[in-house]
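This report refers to the structure that appears directly beneath it.
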Amino acid sequence: MGIRAMLRAAVLLLLIRTWLAEGNNTTSIPEYVFELSPTMPAVIHNVFNCKNCANETVVGKILDRVLSGYDARLRPYFGGDPLPVGISMYVSNIDHISEVTMDSKVTMFFLQTWKDPRLAYCETNLNLTLDYRMADKLWVPDCYFLNSKDTPVHDMSVENRMFQLHPDGTVHYGMRLTTTASCSMDLQKYPLDKQTCKLEVESYGYTVEDIMLYWEGDENAIQGTEKIENPQFTLLGKKVTRNEEVFYTGSYVRLVLKFMIQRKIIHYLVQVYWPTIIVTISSWVTFWMNYESSVARMTIGLTSMFILHTINSHLREKLPEFSCIKAIDIYMVVCFIFVFLSLLEYVYINYLLYSRRESSRCYRLCRRARKIMDQYRYQLEPELQN
């Protein structure tokens, strides 16, 4: 009965405290300090101290207190040790990888983590989740993608930014964005090639004396890649590295994320390899055709050359101006050679047959002429004797 009575008293005190906090009475209310015995259960202490609960008034007071006198122009620990800033990503999709423009389009959740002791609070143990409007009131790192062409932040239905404050001053700053990053490709083995696309993260203005970027969780800093499906490529794996780059303004930490990808071959089997193989084999049908069927043999050969030229032109439209010879170029040249040899075979056979026919005709004419001359001599021989 004693514990039940104490629980009822604690709940009653909590209700009175909440009513006084949420009331509209602006007069000063005397504060009473209640000390509970250490032998009381932990549940009673948590209920009475209200460390695991918060309302609008409590959160409003916390924000008003931490933001009063807060200078968003200065980084945490200004003038002291460099501030560690953890970077992590959740890659939701790799939308497009282009060989023509040499870039890749990636949609992700970009998360930055750092500790700002100016934002610490003790009124509650709960984390505070705040929206994008806090971006103008708090200091945030100036990280950017070094090889990015365009990086818009999504704004459906509001700007997709989020802040999460922890009681010890830890800040999680996340945003949803889509970046179009340059991706240099080596197309010598195209379309049987493997490529590596990179995302490079760096601080724009803060050197290593102010900010130290690092991958939060090392390899586990990149999540979601196992669910990525792309119609053109297969994701083989990912790799994260960290290095330091020196510029004339100082040294900067650069985080590099590498995507190892391999091109899917099934599209090229259907669109390129199987049609060219069928066309090349069809051009060999002329080997079994009558050598006198000139129109049919020439039609098959020239049509095969035209089809191969059309397929090759279609391939070149998908590729940039590349000075190196690609694997698909060698394949197409071999197909052209086989089709062209089928035409040469017909020309060579005709040349042999017509040259033999001409020689046979000359031989027959000579024999006929000899016979006529022999008959003429036989008729004139008695007259010559007389």
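As the structure is a prediction and not an experimental result, all values here were calculated from the model. For the single chain, residues carry numbers from 1 onward in sequence order.
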Rounded distance [0.5 Å steps], CZ in R316 versus NZ in K326: 6.0 Å
ILVMFWY network linking M102 to L315, side-chain heavy atoms under 4.5 angstrom: yes
CD-CD1 distance between Q195 and I97, expressed to the nearest 0.5 angstrom: 9.0 Å
Main-chain N/O of T280 paired to S283 side chain as donor or acceptor, under 3.5 Å: yes
L269 atom CG, neighbour heavy-atom count above 12 within 6.0 Å: yes
In one Ile/Leu/Val/Met/Phe/Trp/Tyr side-chain cluster, 4.5 Å: I278, I311: no
Single hit among Y173, Y70, W114 for ring-ring contact (aromatic ring centres under 6.0 Å, His included) with W139: W114
Value rounded to 0.5 Å, distance of NZ in K149 from SG in C183: 9.5 Å
Point-to-point distance, once rounded to the nearest 0.5 Å, from CG of L343 to CE of M305: 6.5 Å
Check: T179 side chain, T151 main-chain N or O, donor-acceptor pair, under 3.5 Å: no
More than 12 heavy atoms from other groups under 6.0 Å of OH on Y273: yes
Minimal non-hydrogen separation, K198 against A181, with atom names: O-CB, 4.2 Å
Nearest non-hydrogen partners of I228 and G224, listed with the distance: CG1-O, 3.6 Å
side-chain contact (heavy atoms from CB on, under 4.5 Å) between K238 and M89, worked out: CA-CA 12 Å; K238 63 181 184 299; M89 302 178 190; over 6 Å; no
Hphob cluster co-occupancy, W274 + V279, side-chain heavy atoms under 4.5 angstrom: yes
Residue pair V339, F336: steps toward the side-chain contact (heavy atoms from CB on, under 4.5 Å) verdict: CA-CA 5 Å; V339 175; F336 273 109; 5.9 Å; no
Identified side-chain contact (heavy atoms from CB on, under 4.5 Å) counterpart of T178 within the set D95, V106, D150: D95
R242 side chain vs L213 backbone, donor-acceptor pair below 3.5 Å: yes
Derivation and outcome, side-chain contact (heavy atoms from CB on, under 4.5 Å), residues V240 and D218: CA-CA 7 Å; V240 293; D218 296 331; 5.6 Å; no
Nearest heavy-atom neighbours spanning A72 and L138: CB-C, 3.9 Å
Check against side-chain contact (heavy atoms from CB on, under 4.5 Å), L128 and Y121: CA-CA 10 Å; L128 304 182; Y121 56 89; 3.6 Å; yes
Heavy-atom neighbours of F247 CZ exceed 12 at 6.0 Å: yes
More than 12 heavy atoms of other groups within 6.0 Å of R133 CZ: no
Disulfide (SG to SG under 2.5 Å) partners for C335, two or more places apart: none
Joint cluster assignment, L257 & L146, ILVMFWY side-chain distance < 4.5 Å: no
Sidechain-backbone polar pair: R118 side chain, D71 backbone, donor-acceptor under 3.5 Å: yes
H166 NE2 to N125 CG distance, which is reported to the nearest 0.5 Å: 12.5 Å
Atom CG of D81 with >12 non-hydrogen neighbours under 6.0 angstrom: no
Flag if over 12 foreign heavy atoms under 6.0 Å of CD, E226: yes
Note, Y206 side chain near D142 side chain (heavy atom, < 4.5 Å): yes
Minimum heavy-atom distance between P84 and P82, given as atom pair plus value: CD-O, 3.4 Å
H154 atom NE2, neighbour heavy-atom count above 12 within 6.0 Å: yes
Close aromatic pair by centroid cut-off 6.0 Å: F145 and F110: yes
Contact summary for L308 and M332, nearest pair of heavy atoms: O-CE, 3.5 Å
Note, I87 side chain near Q112 side chain (heavy atom, < 4.5 Å): yes
Residue pair Y132 / M175, side-chain heavy-atom distance below 4.5 Å: no
Non-hydrogen atoms of T124 and P167 that approach each other most closely: O-CG, 3.9 Å
Gap between atom CG of D168 and atom CG of L119 - 0.5 Å precision: 10.5 Å
R75 side chain to Y77 backbone, donor-acceptor under 3.5 Å: yes
Neighbour count above 12 (heavy atom, 6.0 Å) for K189 NZ: no
pair L199-M108: side-chain heavy atoms closer than 4.5 Å: yes
H96 vs Q232 side-chain heavy atoms within contact, under 4.5 Å: yes
Heavy-atom side-chain proximity of L235 to N230 below 4.5 angstrom: no
D116 (side chain) donor-acceptor with V171 (main chain) under 3.5 angstrom: no
Side chain to side chain, L187 and D193, heavy atoms closer than 4.5 Å: yes
Common cluster, M185/Y268, ILVMFWY with side-chain heavy-atom separation under 4.5 Å: yes
Residue pair M260 / K194, side-chain heavy-atom distance below 4.5 Å: no
